[in-house]
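This report concerns only the one structure given below.
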Amino acid sequence: MSDSSGGPGWWQASDGKWYPPEQQPGGAPPPAAGQPGGSTGFDIGKALSYGWNGFVQNIGVIILLVVVMFAVQIGFNIVGQGIDNVFLSLVLSAIGFVVSLMISVGLISAALAIVQGQKPEVGMLFQGDHLGAYFVAALLVGLMFVVGFVMCIIPGLLVMFFTYFFGYFIVDKNMGPTEGISASFNLVKDNAGQLLGFLLVSLLLVLVTCGLAWPVVWIAGAYVYKTMLGEPVAELN
């Protein structure tokens, strides 16, 4: 009990006092934001429509993001091909791997910014926030994928499917590597059928458009993540 709200889920009784969610009459408290247990369904068509609107409304910045991303990757490839020294080549490959992870984190941050009603920025591609946790999680996921793929291919694919949102949890909820992987597993487990449908439709859309639909799918993925958590997303007209 308090004279003011203590946060999300608190409610005000007739006596004018505020009470915590667990004391709310008539049912259990709503799930906490960021907890997979509070997941809900989503509509694939609406998700892709949201992704399209997000792309159109931020088309200039998104094109810059894509250009910078490919320019960095192509630049590393060109420089790498011109180096004959094995040691320098390995160093360059390691740097390129870290940069690619940083860009991945930046793309997640930019997509989350759009669904939260903020403007994405090119500088997001090179922010070091969450890079350490994402790096460790990516290595763990990669190791699990290799083991699963060697076992019988399908287990490896299942690893990629159930860990699809680990980066979102790390960036959005500031989770650690194992926390992000576990949270992704639980979220996907609760929405496996819908998410599989979304990923298949998205893959088909990207293939049919020769990759041009990727930005739409990328934004739609952030929308799906937030929607499955039962969290609000920004209105896009």
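Keep in mind that the numbers below use all heavy atoms, side chains included, and drop hydrogens, waters and symmetry copies. For the single chain, residues carry numbers from 1 onward in sequence order.
In this structure, the separation between CG on Leu107 and CE on Met102 is 12.5 Å, given to the nearest 0.5 Å. To the nearest 0.5 Å, atom CG of residue Asp172 and atom NE2 of residue His130 are 8.5 Å apart. Residue Phe161 holds its CZ atom at 6.0 Å from CG of Leu199, rounded to the nearest 0.5 Å. Considering CG of Leu139 and OH of Tyr134, their distance stands at 11.0 Å, rounded to 0.5 Å. Here the CZ atom belonging to Phe135 is positioned 12.5 Å from the CD1 atom belonging to Ile170, to the nearest 0.5 angstrom. Rounding to the nearest 0.5 Å places OG1 of Thr163 at 6.0 Å from CE of Met144.
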#### Entry: Lys226 vs Leu112, side chain to side chain contact (heavy atoms under 4.5 Å, CB included): CA-CA, chis, key distance, verdict
CA-CA 9 Å; Lys226 282 291 189 181; Leu112 288 172; 4.2 Å; yes

### Task
Please lay out, stage by stage, how Asn191 and Val224 fare under the test side chain to side chain contact (heavy atoms under 4.5 Å, CB included).
CA-CA 10 Å; Asn191 303 272; Val224 168; over 6 Å; no

### Message
Run Glu121 and Val61 through side chain to side chain contact (heavy atoms under 4.5 Å, CB included) and show every step you take.
### Response
CA-CA 7 Å; Glu121 299 176 358; Val61 176; 5.6 Å; no

### Phe55/Leu236 under side chain to side chain contact (heavy atoms under 4.5 Å, CB included): CA gap, chis, key distance, verdict
CA-CA 10 Å; Phe55 169 69; Leu236 298 180; over 6 Å; no

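The same ILVMFWY cluster, assembled from side-chain heavy atoms under 4.5 Å apart, contains both Ile95 and Leu125. Val201 and Leu212 fall into different hydrophobic clusters, defined by Ile, Leu, Val, Met, Phe, Trp and Tyr side-chain heavy atoms under 4.5 Å apart, directly or through other members. Taking hydrophobic clusters as Ile, Leu, Val, Met, Phe, Trp and Tyr residues chained together by side-chain heavy-atom distances below 4.5 Å, Phe97 shares a cluster with Phe70. Leu200 and Leu157 fall within the same hydrophobic cluster, where Ile, Leu, Val, Met, Phe, Trp and Tyr residues are linked whenever their side-chain heavy atoms come under 4.5 Å apart, directly or through other members. Follow the hydrophobic side-chain contacts under 4.5 Å out from Met69 and you reach Val67 in the same cluster.
Within 6.0 Å of the CH2 atom in Trp214, the count of heavy atoms belonging to other residues, nucleotides or ligands exceeds 12. Residue Lys46 places its NZ atom among 12 or fewer non-hydrogen atoms of other residues, nucleotides or ligands, all under 6.0 Å distant. Under a cut-off of 6.0 angstrom, the local environment of CG in Leu207 is crowded, with over 12 non-hydrogen atoms contributed by other residues, nucleotides or ligands.
The shortest heavy-atom contact between Gly54 and Ile62 is O-CD1, 3.9 Å. When every heavy atom of Phe198 is checked against every heavy atom of Ala47, the shortest pair comes out as CE1-CB, 4.3 Å. The shortest heavy-atom contact between Val171 and Ser109 is CG1-OG, 3.4 Å. In plain terms, the two heavy atoms of Ala110 and Met124 that are nearest each other are CA-SD, 3.6 Å. Residues Ser202 and Leu48 come closest through the heavy atom pair OG-CD2, 4.1 Å. Across all non-hydrogen atoms, the minimal contact from Met160 to Val141 is SD-CG1, 4.1 Å.
Between Tyr164 and Tyr168, the angle of the ring planes stays under 30°, which puts this pair in the parallel group of the 30/60° scheme.
Taking the six-membered ring for Trp and the full ring otherwise, the centers of Phe185 and Phe166 sit at least 6.0 Å from each other. Taking the six-membered ring for Trp, Phe169 and Tyr225 have ring centres closer than 6.0 Å.
Residues Leu65 and Trp218 form a side-chain contact, since some pair of their non-hydrogen atoms from C-beta on lies under 4.5 Å apart. Considering only heavy atoms from C-beta on, Asn58 comes within 4.5 Å of Lys119 through its side chain. A 4.5 Å side-chain heavy-atom check between Val68 and Phe126 finds at least one atom pair inside the cut-off.
Ser104 places a side-chain N or O within donor-acceptor distance of the main-chain N or O of Ser100, the cut-off being under 3.5 Å. Checking side-chain atoms of Gln194 against main-chain N and O of Phe42 turns up a donor-acceptor pair under 3.5 Å. Looking at Thr209, its side chain does come within 3.5 Å of a backbone N or O of Val206 through a donor-acceptor pair. At distances below 3.5 Å, at least one donor-acceptor pair connects side-chain atoms of Thr227 with backbone N or O atoms of Tyr223.
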